[in-house]
Protein chains: 2
Amino acid sequence: MSNRRIPKYLQLKEELLSWLESGRLQTGKQFPSENEISEQFKLSRQTVRQTFGELEKEGWLERIQGKGTFARNPGRREGEQVKTIGIITTYISDYIFPHIVRGAEAELRSQGYRLLLSSTDNKKEKEMESLQLMTSQPLSGLIIEPTKSAEGNPNLGYFLELQEKNIPYLMINEKYRELECPSLRVDDEAGGYKAAAHLLENGHTQIAGFFKRDDLQGVNRLKGFLHAHRESGITVSPQRVVTYTTEQKQDLPYKQALELLKSNEQNRPTAFVCYNDELAVRLMEAAVLCGLRIPEDISFIGFDDSSLSLGTRLTTLTHPKTTMGEMAARQLISMIEQGSTYEDTVFEPELIKRQSVFKRK
Amino acid sequence: MSNRRIPKYLQLKEELLSWLESGRLQTGKQFPSENEISEQFKLSRQTVRQTFGELEKEGWLERIQGKGTFARNPGRREGEQVKTIGIITTYISDYIFPHIVRGAEAELRSQGYRLLLSSTDNKKEKEMESLQLMTSQPLSGLIIEPTKSAEGNPNLGYFLELQEKNIPYLMINEKYRELECPSLRVDDEAGGYKAAAHLLENGHTQIAGFFKRDDLQGVNRLKGFLHAHRESGITVSPQRVVTYTTEQKQDLPYKQALELLKSNEQNRPTAFVCYNDELAVRLMEAAVLCGLRIPEDISFIGFDDSSLSLGTRLTTLTHPKTTMGEMAARQLISMIEQGSTYEDTVFEPELIKRQSVFKRK
DNA sequence: TACGATGACTTGTACGTACAACATCTTAAT
DNA sequence: ATTAAGATGTTGTACGTACAAGTCATCGTA
């Protein structure tokens, strides 16, 4: 017993733990009684009791009134650590999300972690529900795709709770500005820039853009889109920039697209940049319905290089998908096990040229 | 404070717990100090400390030296039952599986259950891994899509362990013959029958079939396929029935299909029945490469009504997908909560006619 | 205004006493 | 030999004192 700063009852606890670990006291064997210990260590019985109390709570020993104190539990380490990680995405079944989940799942499984899955349908209330559920029981870490990231974060309290409980988390695709945590995302602004720049290089000057405005991915892609135009000295006509929210995504962009497609040939855009492949495919159908040829009459660029883009020969920008899931899992595990912190990881999107962009002279 | 038999510190504990539960002390709010309590209840400060100590260990309150004692954790009941359900599917990201998972997830979330996800890539070893992982920590129930169901079940031990631990489980898509448990599946034999019958009715007599043989879905679809032929009195030429395993699925059926497509017009099949839409789409590409028109030169039928079939206008058979996931979740929850047992649920597949079947005279 | 000292209050550590409740062995009476 | 009472040792409850250590507001001084 050395340091006077360490309380005696904790010093005693360390001593007794070493007895247990060294095997000096095997499971089921009787401990020296409280009085014996107190005499041996020159401590009061009360102090010994305090130590015993803690060790009992932690499962190291068992006290039976009238009989004595007995050693327990040589194998199981205190409260064996939880190995369960949650992932909350906006959607589960559609589009690129299954690929992200798959990447994460494979990595986690190989590291002996279980994967909890939940989705928000891009609704704040469901995000809250999911957070509540996930944290209602033991959890070692959390991967979150923010819901409507451009609209702030009403569930801040839950994230602070995570920090308090010391549950590390990281964000994918986007991050809430209010929270300091590592994130993995694509440089969406660069993506928007590359899309528009590619069209401009191919002689397009009347380009329409369709972007989601309630998540930051959409906002940033639009930023890049505008940036490319500014650099080329081409002004973007306001009616050619269509922004919409999750709730409007079924109708609004489709209707606006029809509107633009039906305008006379001078005013009709020669190219569409679409928030993602899903939208691009729908708008391509609209174009075909209007009797236009792709890409001769109208060019298309999508985002995310989803399986949709392959079949439809859509030019699009890459998204790491599976890799992102994998890396997110790896980073989170190292945050849990090594306590390391990561800076943000930003992926550079690449343009994949297929057959949906026409070169105009 | 009534009974003299109950120790005072436990009586005090009950009292304080009732304060916490009634919301009289909200999370984060400061407790009366130890001295205040001891005065109020006419107990010594030591006794109060004993009570506080237990409550702190159990997470009801937090004590900070110098500041005071604060209420915590209003929601979580100490022994609260585990509400976590696992789902093990062969794949995660592809094809119809995301839809099944989504159905289950939505239902589980609405019932306050968390969803654990794992996949097997249709490999027995990974199935074992997943079972091990899932059961390594508390679990209330399990939904399993059997892996290579036609090849028996080397992981039987783990399923028996589930029964021993009283963890209910059910199977989807197929079931291991060795195990007695509820299952939800499609009547694949009826599906195979309907596919072949539809073609036969449309004048096809040389129909090739491609079926997976290491899972029961494939085996049963083939059974129905043969049954329909038998009923029509048409013999199936052996070289027109291609069976393959998971490991071969990338190459073998494709090569065999090319073989058949390249044969002279007399011998060439006029229709393909494919194990699922995924395969159908690949073989349709092969047919186009061979210069054949769909459906004039060759007809196609797939299975599962996946999103692939829509774009390619493939005639196919329905699969409940999301509904199956939903129902599986609902049934499992009722097995957990009411202890009810279910018989198997069998869905009847319906033929969806699109444009991939040609009517021959 | 800025800063430090102080005091009042909190919980934490440490020791002490007394007796209760329970288990086990010893002893004495039957 | 059997049984009951008692002795002894164990942990559990309950109270008490004293001081240490940390937090915070207030007051006073530079």
Side-chain angles (χ1 to χ4, degrees), chain A residues 1-20 24-73 164, chain B residues 1-17 19-20 24-73:
Chain A
M1 304 249 172
S2 46
N3 200 334
R4 280 204 67 190
R5 281 285 105 98
I6 299 177
K8 293 185 186 175
Y9 81 101
L10 285 180
Q11 291 180 32
L12 176 61
K13 188 176 167 187
E14 287 309 311
E15 180 67 18
L16 296 183
L17 274 175
S18 77
W19 289 13
L20 289 159
R24 182 167 155 189
L25 279 163
Q26 288 160 342
T27 310
K29 285 284 176 187
Q30 186 158 6
F31 250 69
S33 77
E34 291 174 355
N35 282 322
E36 279 171 3
I37 296 275
S38 80
E39 204 174 328
Q40 184 176 342
F41 288 90
K42 302 267 177 289
L43 297 168
S44 81
R45 187 184 151 220
Q46 300 314 309
T47 306
V48 177
R49 279 186 65 71
Q50 191 169 3
T51 302
F52 276 30
E54 291 213 1
L55 289 172
E56 186 181 31
K57 283 272 179 194
E58 288 168 21
W60 291 101
L61 46 84
E62 188 179 4
R63 298 196 280 183
I64 302 173
Q65 188 175 144
K67 284 181 85 170
T69 305
F70 303 85
R72 271 203 350 172
N73 233 351
E164 210 167 286
Chain B
M1 305 250 172
S2 46
N3 200 334
R4 281 204 67 190
R5 282 282 104 99
I6 298 176
K8 294 185 185 175
Y9 80 102
L10 286 179
Q11 291 179 30
L12 176 60
K13 188 176 167 187
E14 286 310 311
E15 179 67 18
L16 296 183
L17 275 175
W19 288 14
L20 290 160
R24 180 166 157 192
L25 279 163
Q26 287 159 342
T27 310
K29 283 285 173 185
Q30 186 158 7
F31 250 70
S33 76
E34 292 174 355
N35 282 321
E36 280 169 0
I37 296 273
S38 78
E39 204 173 328
Q40 185 177 343
F41 287 90
K42 301 272 180 287
L43 297 168
S44 79
R45 186 183 153 222
Q46 300 315 309
T47 305
V48 176
R49 279 186 65 72
Q50 191 170 2
T51 302
F52 275 31
E54 291 213 2
L55 289 172
E56 186 180 31
K57 283 273 179 193
E58 289 168 21
W60 290 100
L61 45 83
E62 187 179 6
R63 299 197 278 183
I64 302 172
Q65 188 175 147
K67 282 181 85 169
T69 304
F70 302 85
R72 272 206 348 174
N73 232 349

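All heavy atoms count here, side chains included; hydrogens, waters and symmetry mates do not. Sequence lines set the chain letters: A, B, ... in the order given, protein chains first and strands last, and positions in each chain run from 1.
In this structure, the CD atom of B:E39 is 12 Å from the P atom of C:dC9, given to the nearest Å. Atoms CG (A:L55) and C1' (D:dT11) sit 15 Å apart, rounded to a whole Å. Summarising the geometry, the separation between CG on A:L10 and C1' on C:dA14 is reported as 13 Å, rounded to the nearest angstrom. Taking atom CD of residue B:E62 and atom P of nucleotide C:dG12, one finds them 11 Å apart after rounding to whole Å. Atom CZ in B:R63 sits about 16 Å away from atom P in D:dG22, given to the nearest Å. Atom CG in A:N35 sits about 14 Å away from atom P in C:dC15, given to the nearest Å. Atom OH of B:Y9 and atom C1' of C:dC19 are 16 Å apart (whole Å). A straight line from CG of B:L12 to C1' of D:dC15 spans 15 Å, rounded to a whole angstrom.
Residue-to-nucleotide proximity on DNA chain D shows that, of B:I64 and A:I64, the 5′-proximal contact is made by A:I64. Heavy-atom nearest nucleotides on DNA chain C were determined for A:K42 and for A:R45, and the one closer to the 5' end corresponds to A:K42.
For A:E39, the side chain to side chain contact (heavy atoms under 4.5 Å, CB included) test picks out no residue, with sequence neighbours left out.
A heavy-atom distance below 4.5 Å is not found between the side chains of A:Q11 and A:F41. Counting heavy atoms from C-beta on, the side chains of A:L16 and A:F52 come closer than 4.5 Å. Side-chain atoms of A:R63 and A:R49, non-hydrogen and from C-beta on, do get closer than 4.5 Å to each other. Counting heavy atoms from C-beta on, the side chains of A:K8 and A:K42 never come closer than 4.5 Å. Annotation: side chain of B:T51 is not in contact with side chain of B:I37 (no heavy-atom distance under 4.5 Å).
One finds no side-chain N or O of B:T69 lying less than 4.0 angstrom from the OP1 or OP2 phosphate oxygen of C:dT10. For the pair A:S33 and D:dT10, the criterion of a side-chain N or O lying under 4.0 Å from OP1 or OP2 is met. Put simply, B:K67 has a side-chain N or O that comes within less than 4.0 Å of OP1 or OP2 on D:dC24. Contact annotation: A:K8 reaches the phosphate of C:dC15 (side-chain N/O to OP1 or OP2, under 4.0 Å).
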Pairwise N/O distances under 3.5 Å, protein to nucleotides 3-5 of chain C:
none

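For A:Q65, taking side-chain heavy atoms from C-beta onward, the closest of the listed nucleotides C:dC15, D:dT11, D:dC15 is D:dT11.
Residues from residues 46-53 of chain A that place a heavy atom under 4.0 Å from any atom of DNA chain C, listed by number: A:Q46, A:T47, A:Q50.
The distance from the CD atom of B:Q46 to the OG atom of B:S38 is 9.5 Å, given to the nearest 0.5 Å. Considering CG of A:L61 and CG of A:L55, their distance stands at 5.0 Å, rounded to 0.5 Å. B:Q40 CD to B:S33 OG: the interatomic distance, rounded to the nearest 0.5 Å, is 10.5 Å.
In this structure, B:V48 and B:L43 approach most closely via the heavy-atom pair CG2-CB, 4.4 Å.
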